[in-house]
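Structure, as structure tokens:
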Protein chains: 2
Amino acid sequence: MSTAEATILLVDDHSVVREGYRSVLQKQPGLRVVAEAADGAEAYRLYKSETPDLVIMDLSMPGIGGIEAVRRIRQWDKAARILVFTMHENAGFAVQAIRAGARGYVTKTSPPETLVRAVKDVLAGKIAISPDIDHELALSRISGESSAADVLTPREFEVLRLLLAENTTEEIAETLHVSPKTVANLHSLIKDKLGVGSDIELVRLALRQGILTEVDLGEA
Amino acid sequence: MSTAEATILLVDDHSVVREGYRSVLQKQPGLRVVAEAADGAEAYRLYKSETPDLVIMDLSMPGIGGIEAVRRIRQWDKAARILVFTMHENAGFAVQAIRAGARGYVTKTSPPETLVRAVKDVLAGKIAISPDIDHELALSRISGESSAADVLTPREFEVLRLLLAENTTEEIAETLHVSPKTVANLHSLIKDKLGVGSDIELVRLALRQGILTEVDLGEA
DNA sequence: TGCAACGTCGTGAAATTTTCCCGGCGCTGC
DNA sequence: GCAGCGCCGGGAAAATTTCACGACGTTGCA
């Protein structure tokens, strides 16, 4: 931030979407996209080599997801500024992302101005949340319903996400670089915290809460 | 197609994503984006007023989805050329889209060149499918996902339904007047027959095949 | 008619997973 | 400093899943 231009790292697994970010951001003076990543691991690597002023990060990506990538980057650089930009209009995801260390959460349905506004806010040190998510959060606060995102720690939420994505315990263990035993323990703990007795109930609860969307069922 | 430039209608509910399409397509001579829509209904209206040479359409959108929009447009103009461009890397969606009248199906993970290639192919009258979906289709053709209703015996199917309804093994055993052991055996056999390794996969497969509908999720 | 194939039900035992309890580590807040 | 919590995993008991096997009735067909 000491230079005239703020450097930005884009993270999204859809190249045409990255093209969209680029196009919008390039119209803004003082912003420069210096790197792009297509998954969380690459994002982490590039962050370390480029140390950009800002990361714009999608959440649903192959391998380690966006939440985990946020966590890792923030672990490496506690001052990292990360703006999550995603299709999920779900308060739970927003809560998780912010808890993991993101400084902003904007949905892809937002107009370009909202993204630009959020980018500037985060660069200025503020926390940026798009209006629709603000509203979602307000609603969930009113209804007082405790969601998965509420009771689960970021790590637990990440494991839940991977479980729902049809990964085996071993695959998740490898993805997260922990022992399968830890994943099994977390799996059990998650079910306990959410008050479900079986994986079937777990999936249904996730569907109800929008953690797993039914259109997401494809990727086998 | 009689003019020098081919006119294009973009349909996607994420404005920044539309910006991405635009950016990629503008680099191609002979293509011109003449309109944008953010949902299926708007796409239908705009198609009728603009009658573009090509529609590039997302699938997951608010209101009437992409498939339905394809159907309506094709109903109004049987010669309409529609290229589906979506995040869903799922053979089922592709089949649905093509059956509805789309002339192409490209995933958003594809590089820009693939999109451009597909646009030109569809404009030239060909059917364009991105390689990853080709592969998915081939796989489903080779070791096609067994349809539950097909390979399961009536008893097995009944147990599956009860399992999906969040019953415990003991409850099902009592309902069916058999030993819990039998239910457990059937549960295992069902997973084996359907080729899934976990209950999570089982639920997802059931959702894909419509055995469990999400309206069923309401009860708490 | 006989008998092969299959669906249904169940047992027992092995293999695996789930669950619970434990300790250690590092960070945060008071 | 110390309590609390998130995170990581070992150990062992408990539960489940899976496999092998057999019994019984029905169906279909040669």
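In what follows, chains are A, B, ... by sequence order, proteins preceding strands, each numbered from 1.
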**Asked** Where does the angle between the aromatic ring planes of Phe93(A) and His88(A) fall among parallel (under 30°), tilted (30 to 60°) and perpendicular (over 60°)?
**Response**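 Phe93(A) and His88(A): parallel rings.
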From the set [options], return the single nucleotide nearest to any side-chain atom of [X].
X         : options                  : answer
Leu186(A) : dC8(D), dT11(C), dC7(D)  : dC8(D)
Ser179(B) : dT17(D), dG9(D), dT11(C) : dT11(C)
Pro154(A) : dC7(D), dG10(C), dT19(C) : dC7(D)
Arg155(A) : dC9(C), dT18(C), dC7(D)  : dC7(D)

Using whole Å, report how far [atom1] of [X] lies from [atom2] of [N].
X         : N       : atom1 : atom2 : value
Glu156(A) : dG6(D)  : CD    : P     : 7 Å
His177(A) : dC7(D)  : NE2   : P     : 16 Å
His187(A) : dC8(D)  : NE2   : P     : 16 Å
Leu176(B) : dT8(C)  : CG    : C1'   : 12 Å
Lys78(A)  : dG26(C) : NZ    : C1'   : 11 Å
Trp76(A)  : dC27(C) : CH2   : C1'   : 20 Å
Ile200(A) : dT16(D) : CD1   : C1'   : 14 Å
Arg71(A)  : dG26(C) : CZ    : C1'   : 13 Å

Is there a side-chain contact between [X] and the phosphate of [N], meaning an N or O under 4.0 Å from OP1 or OP2?
X         : N       : value
Thr153(A) : dC7(D)  : yes
Arg99(A)  : dG6(D)  : no
Ser188(B) : dT17(D) : no
Thr182(A) : dC8(D)  : no

**Polar side-chain contact Lys181(B)-dT18(D) base: donor and acceptor under 3.5 Å** =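 Pair found.
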**Base of dC19(D) paired with side chain of Asn185(B) (donor-acceptor, under 3.5 Å)** =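 Present.
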**Asked** Any chance the side chains of Asp58(B) and His14(B) put a donor and an acceptor closer than 3.5 Å?
**Response**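 Judged by distance alone, the side chains do not pair up.
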**Message:** With side-chain contact (heavy atoms from CB on, under 4.5 Å) as the test, pick out the partner of Ile200(A) among Thr168(B), Ile200(B), Val203(B).
**Reply:**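 It is Val203(B); the other options fail the test.
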**Request:** Begin with the C-alpha distance, continue with both residues' side-chain angles, and end with the deciding distance and a verdict on salt bridge (charged side-chain N to carboxylate O under 4.0 Å, His left out) for Lys108(A) and Asp13(B).
**Result:** CA-CA 8 Å; Lys108(A) 283 187 181 171; Asp13(B) 57 333; over 6 Å; no
**Message:** Is it the case that the side chain of Arg18(B) and the backbone of Leu10(B) share a donor-acceptor pair, with hydrogens and angles ignored and the cut-off at 3.5 Å?
**Reply:**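 Side chain of Arg18(B) to backbone of Leu10(B), a donor-acceptor pair under 3.5 Å: no, none is there.
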